[in-house]
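Labels below follow one simple rule: chain letters A, B, ... track the order of the sequence lines, proteins then strands, and each chain is numbered from 1.
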Protein chains: 2
Amino acid sequence: MAQRGPYSKSAALRAQILDEALRIIGDNGYTGATVQQIADAVGMSKPGVLHHFGSRDALFTAILQRRDEVNAGGYSMDSFTVEDLIATVRHNTTVPGLVALYSALTGEATSHGELSTSREFFADRYRMVVGALTEAVRLAQVNGLVDLDRDPAVIARLLTAASDGLQTQWLLDPSIDMAADLEELWRTVLVGPPGRP
Amino acid sequence: MAQRGPYSKSAALRAQILDEALRIIGDNGYTGATVQQIADAVGMSKPGVLHHFGSRDALFTAILQRRDEVNAGGYSMDSFTVEDLIATVRHNTTVPGLVALYSALTGEATSHGELSTSREFFADRYRMVVGALTEAVRLAQVNGLVDLDRDPAVIARLLTAASDGLQTQWLLDPSIDMAADLEELWRTVLVGPPGRP
DNA sequence: GTCTATACCAAGATAGAC
DNA sequence: GTCTATCTTGGTATAGAC
């Protein structure tokens, strides 16, 4: 079937590059992702790949974005729950290359001053994730699972922060159980209301 | 006074370079630290600076190491307490450039495969920090401040992870209060014993 | 042992041919 | 839309002056 319009071949190829990149990084791990690696993998030249993304930063940001889309198969990103967060962290144990890519790009986005594609992406992503988790915590409060004294936004930021930080520690020492630790944090928030007489 | 031995001029100059780097990054912020920036700042050529450190990675690792030494003015690194952690995070609010450098180097160390100077540094550092915090939590348990059911090592990892993750969120959105959030986490662990009837 | 100068290589960005 | 060629920047390796 012949495709036409702005989303025909171009978008399809973009998606193909991203999925191929996800596969490679997932399988072969990740060691300082270069545009060349991706280009070789999809049988294209460096500028050929960049043509579809504009820059290295935009390319790797798109890869992480695509991963989020794939992962969100089950849940929609804006109804993301604490259980989803824990499940995601547990799943990440099986794709260290992608965790490493996430870690690397986070470092670049937060440090390389100017407004970059990745910086925008992560800022938006944290807004979305923390926002959704805040709602989840609020719901837990309504259901009597979390003490009403707690600030849901603070809990949401802490859960998000812990999952990021645990991934860093896990990359350096894979013997730690990220998901179990994160569950313990959630359990602490759940069953430990402050000032209980 | 003439200096002699292996620690004379060499060590002094090394220290001078590191302190100058700390000052610059603290003041002017950090934007993708290059060796050239440091070299210009200390009035030296690129290879001149590298002569004292061997590689870019080793240079920036040494900068973070030096920062730890300076910060540890009060406490010794192996008797690091939860209060020290919170105080450090609060202090970091005043030096965003150094937080950014820490974030950037963490990303590189965790992702660029092979064993690098920075990877060793961070692995050791987490071992040390988590180890010290584990002791601190254990002590809190002895004093009846933390429930005995909890695993001190898990709490220590979570506190460390949260402080890292909060710094990432803060770099992207400086309006959040990292120290307050971290205090809330510690308070949750302190006053919320599980299974309390 | 300390540093400059220089050369070199890898990687991202860009221009222009097809 | 994709390539080749080129430019720039950043890290690294070597030679040699002091």
Side-chain angles (χ1 to χ4, degrees), chain A residues 2-18 20-21 24-25 30-63 101 104-105 107-109 111-119, chain B residues 2-18 20-21 24-25 30-63 101 104-105 107-109 111-119:
Chain A
Q3 293 142 318
R4 286 190 306 174
Y7 293 101
S8 57
K9 250 172 65 180
S10 183
L13 192 43
R14 233 185 93 106
Q16 184 192 328
I17 293 171
L18 293 180
E20 186 66 10
I24 294 160
I25 296 171
Y30 164 95
T31 46
T34 66
V35 176
Q36 189 69 59
Q37 278 182 0
I38 310 290
D40 290 348
V42 291
M44 225 185 247
S45 71
K46 228 174 358 171
V49 172
L50 283 185
H51 174 254
H52 296 278
F53 300 93
S55 70
R56 181 205 104 108
D57 188 59
L59 165 62
F60 286 104
T61 301
I63 293 175
L101 174 59
L105 218 63
E108 293 177 23
S111 59
H112 292 352
E114 345 73 62
L115 274 78
S116 57
T117 310
S118 57
R119 195 181 178 91
Chain B
Q3 294 142 319
R4 287 192 305 173
Y7 293 101
S8 57
K9 248 172 66 182
S10 183
L13 191 45
R14 231 185 95 106
Q16 185 192 325
I17 293 171
L18 292 180
E20 186 66 9
I24 293 159
I25 296 171
Y30 162 95
T31 46
T34 67
V35 177
Q36 189 68 58
Q37 278 181 358
I38 309 290
D40 290 348
V42 291
M44 226 185 247
S45 69
K46 220 169 16 165
V49 172
L50 284 185
H51 175 253
H52 296 276
F53 299 93
S55 71
R56 180 205 104 111
D57 188 59
L59 166 62
F60 285 105
T61 300
I63 293 174
L101 174 60
L105 218 63
E108 293 176 24
S111 60
H112 291 354
E114 346 73 61
L115 275 77
S116 56
T117 310
S118 57
R119 196 182 177 91

Q.
For Thr31(B) and Gln37(B): C-alpha separation, side-chain torsions, deciding distance, then whether side-chain contact (heavy atoms from CB on, under 4.5 Å) applies.
A. CA-CA 10 Å; Thr31(B) 46; Gln37(B) 278 181 358; 3.9 Å; yes

Side-chain contact check for His51(B): nearest option of dG12(C), dT2(C), dT2(D) is dT2(C)

Heavy atoms of Asp57(A) and Leu105(A) approach each other most closely as OD1-CD1, 4.5 Å

Val35(B) has its side chain closest, among dA13(C), dG11(D), dT2(D), to dG11(D)

Expected list for residues 42-49 of chain A near DNA chain D, using heavy atoms below 4.0 Å, is Met44(A), Ser45(A), Pro47(A), Gly48(A)

At 4.0 Å (heavy atoms only), tell me whether Ala33(B) reaches a base, stays on the sugar-phosphate, or touches nothing. sugar-phosphate

To the nearest angstrom, the CZ-C1' distance between Arg14(A) and dG1(D) comes to 15 Å

Query - Phosphate-side-chain proximity, Ser10(A) and dG1(D), N/O vs OP1/OP2 below 4.0 Å - result: yes

Heavy atoms of Ala58(B) and Ser55(B) approach each other most closely as N-OG, 3.1 Å

Rounded to whole Å, NE2 of His112(A) lies from P of dA13(C) at a distance of 11 Å

Of Ile17(B), Leu18(B), Ile24(B), the one forming a side-chain contact (heavy atoms from CB on, under 4.5 Å) with Glu20(B) is Ile24(B)

Atom CD of Gln36(B) and atom P of dT8(D) are separated, to the nearest Å, by 16 Å

Inset, instruction - Determine, step by step, whether Leu13(B) and Gln16(B) satisfy the side-chain contact (heavy atoms from CB on, under 4.5 Å) criterion, reporting the C-alpha distance in whole Å, the side-chain angles of both residues, the deciding distance to 0.1 Å, and the verdict. - result: CA-CA 5 Å; Leu13(B) 191 45; Gln16(B) 185 192 325; 3.6 Å; yes

### Test log, rule side-chain contact (heavy atoms from CB on, under 4.5 Å), inputs Glu108(B) and Arg56(B)
CA-CA 12 Å; Glu108(B) 293 176 24; Arg56(B) 180 205 104 111; 2.4 Å; yes

Test Phe60(A) against Ile38(A) for side-chain contact (heavy atoms from CB on, under 4.5 Å), laying out the working first.
CA-CA 10 Å; Phe60(A) 286 104; Ile38(A) 310 290; 4.1 Å; yes

Under a 4.0 Å heavy-atom cutoff, the residues of residues 54-63 of chain A touching DNA chain C are Ser55(A), Arg56(A)

Rounded to whole Å, CG of Asp40(A) lies from P of dC3(D) at a distance of 11 Å

Heavy-atom closest pair (Glu114(A) atom, Arg119(A) atom, distance to 0.1 Å) is O-CD, 3.7 Å

Here the distance between atom P of dA10(C) and atom CD1 of Ile38(A), to the nearest Å, is 19 Å

Whole-Å distance, Phe53(B) CZ to dG10(D) P, equals 19 Å

Taking dA13(C), dT2(D), dT2(C) as options, the one with an atom nearest any side-chain atom of Leu50(A) is dA13(C)

In short, Ala104(B) meets Tyr30(B) closest at the heavy-atom pair CB-OH, 3.5 Å

